[in-house]
Amino acid sequence: MTTVRRQRIIDAPPSDVWAALAAFDGIGTWASNVDHSCAMTAQTSGAGAVRRVQVGRATLIETADDWRPGVSLSYTITGLPRVIRRVVTTWTLAPSGDRTDVVVQTEVDAGPRPPQRLIASLVGRRFAAASDAMLAGLAAHVERTSVA
């Protein structure tokens with residue numbers, strides 16, 4: 001398994017950051033690497049909510065597994081090549097004065113054998129770059145709306 005972790009301080013209170021993350025089907029409004037997103041279930045928040053995310057030619061399904069308002073959001077990603085067994089992304093928020101310390105961590109499991117671990121590592125690099133883009137987009141979106 002490969003774990004990638006990215007962190008950023010966002011100049012907005014945790015409640016504002018959480019509001020953007022909690023609009024689960026709206027990730028496409030602030031993540032520049034997401035072309036389109038929409039809800040796939042009537043439930044649009046909380047554990048069990050499912051969204052469809054279009055990233056280039058890839059269609060991913062993300063299912064919220066853990067939903068702790070203002071604290072963390074975890075979701076499983078499916079729709080990746082079959083060599084990838086499991087991908088879970090977790091967003092964690094912590095107050096830092098008037099700002100928010102945001103951590104996004106993705107775990108990629110392709111299996112225990114060396115070739116599988118190599119695949120997980122390569123896929124992890126792609127998720128690291130995607131996490132950097134999402135953190136930048138989230139910061140720009142939340143900081144812009146926090147000031148307004």
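The basis for the numbers below is simple: all heavy atoms, side chains too, and nothing from hydrogens, waters or symmetry mates.
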Exercise for the section: For Glu143 and Ala140, indicate whether the former's side chain and the latter's backbone hold a donor-acceptor pair under 3.5 Å. Expected result: no
Problem - Heavy-atom side-chain contact between Arg86 and Val108 under 4.5 Å - result: no
Problem - Side-chain donor or acceptor of Asp35 paired with backbone N/O of Gly56 under 3.5 Å - result: yes
Problem - Linked, directly or transitively: Val87 and Val103 (ILVMFWY side chains, under 4.5 Å) - result: no
Practice task
Kindly work out whether a path of hydrophobic side-chain contacts (I/L/V/M/F/W/Y, heavy atoms less than 4.5 Å apart) joins Leu80 to Val88.
Solution key: no
Handout entry: Test item: side-chain donor near acceptor, Asp101 and Ser96, under 3.5 Å
Key = no
Exercise for the section: Could you tell me the separation between the CD atom of Glu62 and the CG atom of Asp25, rounded to the nearest 0.5 Å? Expected result: 11.5 Å
Completion exercise
Interatomic distance, CZ@Arg85 vs CE@Met1, rounded to 0.5 Å, equals 10.5 Å
Fill in the blank from the handout: Distance col, row Phe127:CZ vs Thr3:OG1, nearest 0.5 angstrom, shows 12.5 Å
Practice task
Verify the distance criterion only: is there a donor paired with an acceptor across the side chains of Trp91 and Tyr75 at less than 3.5 Å?
Solution key: yes
Problem - Criterion side-chain hydrogen bond (donor to acceptor under 3.5 Å, both in side chains) on Gln54 and Thr59, from CA distance to verdict - result: CA-CA 5 Å; Gln54 190 72 36; Thr59 300; 2.8 Å; yes
Handout entry: Beyond-backbone contact of Asp66 with Thr90, side-chain heavy atoms, under 4.5 angstrom
Key = no
Exercise for the section: Using a 4.5 Å cut-off on heavy atoms from C-beta on, say whether the side chain of Val104 contacts that of Thr89. Expected result: yes
Practice task
Please report the closest heavy-atom contact between Ala139 and Arg8, naming both atoms and the distance.
Solution key: CB-NE, 3.4 Å
Exercise for the section: Determine whether Arg52 and His36 make a side-chain contact, defined as any pair of heavy atoms from C-beta on separated by less than 4.5 Å. Expected result: yes
Exercise for the section: Check step by step if side chain to side chain contact (heavy atoms under 4.5 Å, CB included) holds for Val17 and Leu138. Expected result: CA-CA 8 Å; Val17 177; Leu138 179 61; 4.0 Å; yes
Exercise for the section: Give a yes or no on whether Val102 and Val71 share a hydrophobic cluster (residues Ile, Leu, Val, Met, Phe, Trp, Tyr; joining criterion: side-chain heavy atoms under 4.5 Å apart). Expected result: no
Practice task
Could you tell me whether the side chain of Thr2 and the main chain of Ser121 form a donor-acceptor pair under 3.5 Å?
Solution key: yes
Practice task
Kindly give the heavy-atom pair with the smallest separation between Ala39 and Thr44, and that separation in Å.
Solution key: CB-CG2, 3.9 Å
Exercise for the section: May I ask you to decide if Ala12's main-chain N or O and Thr100's side chain share a donor-acceptor pair within less than 3.5 Å? Expected result: yes
Fill in the blank from the handout: Distance col, row Gln7:CD vs Leu135:CG, nearest 0.5 angstrom, shows 9.0 Å
Fill in the blank from the handout: Students should find that the hydrophobic cluster of Leu118, defined by side-chain heavy atoms under 4.5 Å apart, otherwise consists of Leu122
Handout entry: Test item: Arg117 side-chain N/O and Pro112 main-chain N/O as donor-acceptor pair under 3.5 Å
Key = yes
Problem - Cluster check Trp30, Ile9: I/L/V/M/F/W/Y, side chain < 4.5 angstrom - result: no
Problem - Contact check, side chains of Gln105 and Val4, non-hydrogen atoms, under 4.5 Å - result: no
Problem - Minimal non-hydrogen separation, Gly111 against Asp109, with atom names - result: N-OD1, 2.9 Å
Handout entry: Which residues share a salt bridge (charged side-chain N to carboxylate O under 4.0 Å, His left out) with Glu107, sequence neighbours left out
Key = none
Practice task
Check whether any side-chain heavy atom of His141 sits under 4.5 Å from a side-chain heavy atom of Ser32, and report yes or no.
Solution key: no
Practice task
Answer yes or no: is there a donor N or O on one side and an acceptor on the other, between the side chain of Arg51 and the main chain of Phe24, under 3.5 Å?
Solution key: yes
Exercise for the section: Answer yes when Asp132 and Arg6 have at least one side-chain N-carboxylate O distance shorter than 4.0 Å, and no when they do not. Expected result: yes
Problem - Heavy-atom check, side chain of Leu21 versus side chain of Leu93, under 4.5 Å - result: yes
Exercise for the section: Consider only side-chain heavy atoms of I, L, V, M, F, W and Y, link residues closer than 4.5 Å, and tell whether Val55 and Val123 are in one cluster. Expected result: yes
Fill in the blank from the handout: What one should report as the nearest heavy-atom pair of Gly46 and Ala64 is O-CB, 3.6 Å
Practice task
Would you mind listing the cluster partners of Ile61? Hydrophobic ones only (ILVMFWY), side-chain contacts under 4.5 Å, chaining allowed.
Solution key: Met40, Val50
Exercise for the section: Give me the one residue out of Asp16, Ile10, Asp11 that meets side chain to side chain contact (heavy atoms under 4.5 Å, CB included) with Pro13. Expected result: Asp16
Problem - Residue pair Thr76, Asp65: steps toward the side-chain hydrogen bond (donor to acceptor under 3.5 Å, both in side chains) verdict - result: CA-CA 7 Å; Thr76 300; Asp65 301 314; 2.4 Å; yes
Problem - Side-chain donor or acceptor of Ser72 paired with backbone N/O of Thr92 under 3.5 Å - result: no
